[in-house]
Trainee: 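Quick one: the structure is below, questions incoming.
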Amino acid sequence: MAQRVLVVDDEKLIVKGIRFSLEQDGMKVDCAYDGEEALKLAEENAYDMILLDVMLPKMTGFEVCQQIRGFSNVPIVMLTAKGDDMDKILGLDYGADDYITKPFNILEVKARIKAIMRRTNRQGKEREETARVVERGDMRLDCEGRRVYIRDREINLTVKEYEVLELLMKNAGKVYGREALLKMVWGNDYPGDVRTVDVHIRRLREKIEEVPGEPMYVRTKWGVGYYFA
């Protein structure tokens, strides 16, 4: 089945170029030109990837990303023309998985999309070969459904938050450095830096810890890295 991508940008020439290039690679591409249209399409269709511009009419890309995370873990790559680190971190904080700064080379966009899809497919196959349920104390990980429960209450996580937690939880007690987590969860070809890991750990703690500043589950070994207690 052809992979399906949603491209969202109010610059129609950019959308046209991306769409043409991805369709040449056999992908099915839907397009949206404002935030409301993007959200509607994301609610109505199942996508393998969403390319989402930051600056959009009606709703910003950050707002769209945040609302999509309420019902979907589809990989989201933010497109930003500003190249500002705060914008990039803010995009990740709202649930984005990656970012690309404009102006960009379409070959870079295609390479990034394919890399993320390869990781998603590979991780899906690996999950099929491992335990379906992992339990640690009052936390339960449904590996097949990619769901997390604390005392039977489901916790809504993004793709990367879940993957970080899954890695730490399956290897409870083992300490992972930020560089190791970046490599294992985001892959060798990810162009970002270790701050991405810190952002996701902080956001994960806000969702699973009763007191994020005093974590019970995902803890820090100062000067070394993170581990699941």
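Source: prediction; values computed, not measured. Numbering starts at 1 and runs along the sequence shown.
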Trainee: Is there a donor-acceptor pair closer than 3.5 Å between any side-chain N or O of Arg195 and the backbone N or O of Asp198?
Mentor: no

Trainee: Are Leu168 and Val224 connected, step by step, through hydrophobic side chains (Ile, Leu, Val, Met, Phe, Trp, Tyr) whose heavy atoms are closer than 4.5 Å?
Mentor: no

Trainee: Under the side-chain hydrogen bond (donor to acceptor under 3.5 Å, both in side chains) test, which residues partner Asp138, sequence neighbours left out?
Mentor: Arg151, Tyr217

Trainee: Is the shortest distance from a Lys or Arg side-chain nitrogen in Lys102 or Asp53 to a carboxylate oxygen in the other one below 4.0 Å?
Mentor: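 Judged by the 4.0 Å cut-off on N to carboxylate O distance, Lys102 and Asp53 do form a salt bridge.
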
Trainee: Assigning hydrophobic clusters by single linkage (Ile, Leu, Val, Met, Phe, Trp, Tyr; side-chain heavy-atom cutoff under 4.5 Å), is Phe71 placed with Leu157?
Mentor: yes

Trainee: With heavy-atom distances below 4.5 Å as the criterion, would you say the side chains of Val5 and Ile50 are in contact?
Mentor: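 With C-beta onward as the side chain, the pair stays apart.
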
Trainee: Within a strict 4.5 Å, meaning less than it, do heavy atoms of the Leu167 and Leu165 side chains meet?
Mentor: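 No. Closest side-chain heavy atoms not under 4.5 Å.
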
Trainee: Can a donor-acceptor pair be found, under 3.5 Å and without considering hydrogens, that links the side chain of Arg205 to the backbone of Pro212?
Mentor: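 Checked: no pair found.
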
Trainee: Residues two or more places apart in sequence or in another chain: which of them pass side-chain hydrogen bond (donor to acceptor under 3.5 Å, both in side chains) with Lys28?
Mentor: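 Residues passing side-chain hydrogen bond (donor to acceptor under 3.5 Å, both in side chains) with Lys28: none at all.
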
Trainee: Return yes if a side-chain donor-acceptor contact under 3.5 Å exists between Asn45 and Arg4, otherwise no.
Mentor: yes

Trainee: One thing to verify: whether Asp34 and Lys58 come together as a salt bridge, which I'm taking to mean a side-chain N less than 4.0 angstrom from a carboxylate O.
Mentor: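 Answer for the salt bridge query: yes.
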
Trainee: Salt bridge between Lys183 and Glu179, side-chain N to carboxylate O under 4.0 Å?
Mentor: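 So Lys183 does not pair with Glu179 through a salt bridge.
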
Trainee: Between Glu209 (side chain) and Val218 (backbone), is there a donor-acceptor pair under 3.5 Å?
Mentor: yes

Trainee: With a 4.0 Å cut-off on N to O distance, would you call Arg132 and Glu144 a salt bridge?
Mentor: yes

Trainee: Does a donor on one side chain sit under 3.5 Å from an acceptor on the other, for Tyr162 and Asn156?
Mentor: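 Side chains of Tyr162 and Asn156: no pair found under 3.5 Å.
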
Trainee: Would Arg178 and Thr196 count as a side chain to side chain contact (heavy atoms under 4.5 Å, CB included) here? Give the steps.
Mentor: CA-CA 9 Å; Arg178 296 153 78 204; Thr196 298; over 6 Å; no

Trainee: So, do Val77 and Leu52 sit near enough that their side-chain heavy atoms are less than 4.5 Å apart?
Mentor: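 SC-SC contact between Val77 and Leu52 ruled out.
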
Trainee: Could you tell me if the side chain of Met139 sits less than 4.5 Å from the side chain of Val134, heavy atoms only?
Mentor: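 Of all side-chain heavy-atom pairs linking Met139 with Val134, none is under 4.5 Å.
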
Trainee: Please list all pairs passing the salt bridge (charged side-chain N to carboxylate O under 4.0 Å, His left out) test where one or both residues lie in residues 212-224, with sequence neighbours left out.
Mentor: none

Trainee: Please determine whether a side-chain nitrogen of the Lys or Arg among Lys40 and Glu37 lies less than 4.0 Å from a carboxylate oxygen of the Asp or Glu.
Mentor: no

Trainee: For Phe62 together with Tyr94, are the ring centres under 6.0 Å from each other?
Mentor: yes

Trainee: Could you tell me whether the side chain of Arg136 and the main chain of Met169 form a donor-acceptor pair under 3.5 Å?
Mentor: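 Such a contact is found between Arg136 side chain and Met169 backbone.
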
Trainee: Considering only heavy atoms from C-beta outward, does the side chain of Ile106 approach that of Ile18 to under 4.5 Å?
Mentor: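 Counting from C-beta outward, Ile106 and Ile18 do come under 4.5 Å.
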
Trainee: Does Leu41 offer a backbone N or O that forms a donor-acceptor pair with the side chain of Glu44 under 3.5 Å?
Mentor: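 Between the backbone of Leu41 and the side chain of Glu44 there is no qualifying donor-acceptor contact (under 3.5 Å).
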
Trainee: Are any non-hydrogen side-chain atoms of Arg140 and Val148 less than 4.5 angstrom apart?
Mentor: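 No, every pair of side-chain atoms sits at 4.5 Å or beyond.
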
Trainee: Using the ring of each side chain (for Trp, its six-membered ring), is His200 parallel, tilted or perpendicular to Trp186, with breaks at 30° and 60°?
Mentor: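 Perpendicular: the ring planes of His200 and Trp186 meet at over 60°.
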
Trainee: Hey, does the side chain of Thr220 reach the backbone of Trp222 with a donor-acceptor pair shorter than 3.5 angstrom?
Mentor: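 It does not hold such a pair.
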
Trainee: I'd like to know if Met184 and Leu204 are part of one continuous hydrophobic network [Ile/Leu/Val/Met/Phe/Trp/Tyr, side-chain heavy atoms within less than 4.5 Å].
Mentor: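 Leu204 and Met184: one cluster.
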
Trainee: Checking the side chain of Lys160 only, and the main-chain atoms of Val185 only, is there a donor and an acceptor separated by less than 3.5 Å?
Mentor: yes

Trainee: Is it the case that Lys174 places NZ or CZ above or below the six-membered ring of Tyr227, under 6.0 angstrom from the centre and within 45 degrees of the axis?
Mentor: no

Trainee: With a 4.5 Å heavy-atom cut-off, do Tyr33 and Val15 have their side chains touching?
Mentor: yes

Trainee: Can Cys143 and Lys170 be said to form a side chain to side chain contact (heavy atoms under 4.5 Å, CB included), step by step?
Mentor: CA-CA 10 Å; Cys143 301; Lys170 285 184 175 180; 3.6 Å; yes

Trainee: Kindly say whether Val7 contributes a backbone atom to a donor-acceptor pair with the side chain of Arg19 at under 3.5 angstrom?
Mentor: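 Answer holds: no.
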
Trainee: Heavy-atom distance under 4.5 Å between the side chains of Ile113 and Leu51, does that happen here?
Mentor: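 Yes, close enough: below the 4.5 Å cut-off.
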
Trainee: Report yes or no: do Val164 and Val175 belong to one cluster of Ile/Leu/Val/Met/Phe/Trp/Tyr joined by side chain heavy-atom distances under 4.5 Å?
Mentor: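 Different clusters: Val164 never reaches Val175 through Ile, Leu, Val, Met, Phe, Trp or Tyr contacts under 4.5 Å.
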
